[in-house]
Amino acid sequence: MFWMGGRLASDLVEISHDPSCLEDGSFWAVSTTFEGAFVAAKFATVTDAGFPDATWQPITTPWNSELAHDGYIRYVERIRELIAQGWVYQVNACRLLSTTNSNVNLRGLFRNILDKNPAPYASYLEIPNLNIASASPELFLERMGSRVKTSPIKGTQVLGSKEFGVKDRSENIMIVDLMRNDLGMICQSGSVEVTQLLYSQDHPGLQHLVSDVEGELISGIGWKEIIAAIAPPGSVSGAPKSSALSVIAEHEKPRGPYCGILGWVEGDRALLSVAIRIFWKEEEIHFGTGAGITFSSDSQAEWEETELKAARLMKIAAGQIS
């Protein structure tokens with residue numbers, strides 16, 4: 001089962017771990033891990049429909065953070081040291097939270113998310129060995145024919161705050177440059193452009209700073225080449241991407257589906273989100289949260305940003321928002 005943007009897919013036909021499968025023109029739900037593992041699920045039936053009703057047993061058990069407060073502060077300070085040394089310019093530092101719950105799947109939680117925290121790229125995926133409920137606010141890649149668009153988010157503050165500060169604006173521009181470079185690897189020379197720069201987008205309880213980058217794909221390029229060139233998303237890795245990924249690998253456990261890609265592909269059309277603000281279920285239920293770190297970052301403020309990003313969805317999961 002898969003749902004996104006009013007499209008409900010059912011009747012699972014096939015699961016593939018080879019991105020070349022996307023070339024057959026069928027409807028595929030797609031999920032990648034931050035580390036690059038790929039899975040796609042082909043569905044026989046795709047209809048325009050709302051997400052079905054489902055019940056949810058609220059989470060009452062405590063969440064355990066992979067990095068507690070002091071550990072996260074040390075991580076941020078280490079990133080600032082590496083920036084000062086010229087090794088990297090920006091790193092998205094994340095932490096994973098985990099807890100136990102008796103719900104068989106996340107359908108009821110996602111139903112509550114849609115009702116109480118609507119998000120432009122909210123999506124739900126439930127296939128063997130993978131169950132994700134996403135409230136993602138961020139577009140990774142939209143494709144219409146040969147035209148592609150990405151809308152990186154950098155900058156988060158409480159809804160109703162004043163204008164974004166210098167740190168948020170400079171960080172956003174840094175990631176826009178990274179995404180221009182990424183799209184440049186899959187798009188025709190000279191076609192990549194920033195169509196909107198630094199606009200504010202409102203979400204439940206939060207404001208995000210967003211920019212849009214668009215381009216025209218190289219003729220004949222396939223999905224395997226596209227994903228290999230631009231994943232993982234730059235907004236949740238850092239700049240330069242290769243250096244940021246090295247720092248993340250040294251200091252974090254594997255993120256799994258968090259900060260990967262989640263969405264659908266159907267021939268030359270696609271809607272793929274950055275898999276942030278997601279819950280996913282294995283033996284435990286997990287949730288990820290993070291913040292972009294620059295040299296001007298205040299480590300305590302970055303910790304508080306991770307708390308802010310998680311707060312509303314944690315309350316929904318606990319049944320504390322009616």
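Count residues from 1 along the sequence.
Rounding to the nearest 0.5 Å gives a distance of 9.5 Å between NE2 of His203 and CD of Gln207. Going from atom NE2 of His286 over to atom CD of Glu66 covers 11.0 Å, rounded to the nearest 0.5 Å.
Donor-acceptor pairing under 3.5 Å is recorded for the side chains of Glu171 and Gln90. Defined by atom type and a distance below 3.5 Å, a donor-acceptor pair is missing between the side-chain atoms of Gln157 and His208. A donor-acceptor pair shorter than 3.5 Å cannot be found between the side chains of Gln57 and Ser102. Counting only N and O atoms by type, the side chains of Ser237 and Asn92 include no donor and acceptor under 3.5 Å apart. Between the side chains of Glu304 and Gln300, a donor-acceptor pair is found at a separation under 3.5 Å. Donor-acceptor pairing under 3.5 Å is lacking for the side chains of Arg255 and Thr33.
Aromatic ring centres of Phe38 and His17: separated by at least 6.0 Å. Annotation: Phe2 is not in aromatic contact with Tyr124 [ring centroid separation under 6.0 Å not met]. Aromatic pair Tyr258/Phe34: ring centres not closer than 6.0 Å.
Screening Val88, Leu178, Leu245 for a side-chain contact (heavy atoms from CB on, under 4.5 Å) with Pro240, the sole residue that qualifies is Val88.
Using a 4.0 Å cut-off between charged side-chain N and carboxylate O, Asp53 and Arg107 make no salt bridge. Between Glu193 and Lys149 no salt bridge is recorded (no basic side-chain N to carboxylate O distance below 4.0 Å). Between Lys167 and Asp298 there is no salt bridge, since none of the side-chain N atoms of the basic residue sits less than 4.0 Å from a carboxylate O of the acidic one. Look at Lys154 and Glu138 and you find no salt bridge, because none of the NZ, NE, NH1 or NH2 atoms lies under 4.0 Å from a carboxylate O. The pair Arg74-Asp70 fails the salt-bridge criterion, with no side-chain N (NZ, NE, NH1 or NH2) lying under 4.0 Å from an Asp/Glu carboxylate O.
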CA sep, side-chain torsions, deciding dist, call: Lys253, Glu35, salt bridge (Lys or Arg N to Asp or Glu O under 4.0 Å): CA-CA 10 Å; Lys253 294 180 180 178; Glu35 293 73 31; over 6 Å; no
Evaluate the side chain to side chain contact (heavy atoms under 4.5 Å, CB included) criterion for residues Glu266 and Trp28: first the C-alpha distance (whole Å), next the side-chain angles of each, then the deciding distance (0.1 Å), finally the verdict. CA-CA 6 Å; Glu266 190 173 21; Trp28 293 85; over 6 Å; no
Verify side chain to side chain contact (heavy atoms under 4.5 Å, CB included) between Ser65 and Leu96, making sure each step is shown before the conclusion. CA-CA 6 Å; Ser65 179; Leu96 303 184; over 6 Å; no
Run the salt bridge (Lys or Arg N to Asp or Glu O under 4.0 Å) test on Arg147 and Glu216 for me, step by step, so that the C-alpha distance in whole Å, both residues' side-chain angles and the decisive distance to 0.1 Å come before the verdict. CA-CA 5 Å; Arg147 189 73 178 172; Glu216 292 287 332; 3.3 Å; yes
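Listed for the Lys116 side chain is a donor-acceptor partner under 3.5 Å among the backbone atoms of Ile321.
Between Phe110 and Phe51, the ring planes are perpendicular. Angles over 60° get that label, and only those under 30° would be called parallel.
Contact between Ile285 and Lys281 at its shortest, heavy atoms only, is CG1-CG, 4.2 Å. Closest approach of Arg277 to Leu313, counting heavy atoms only: CB-CD1, 3.6 Å.
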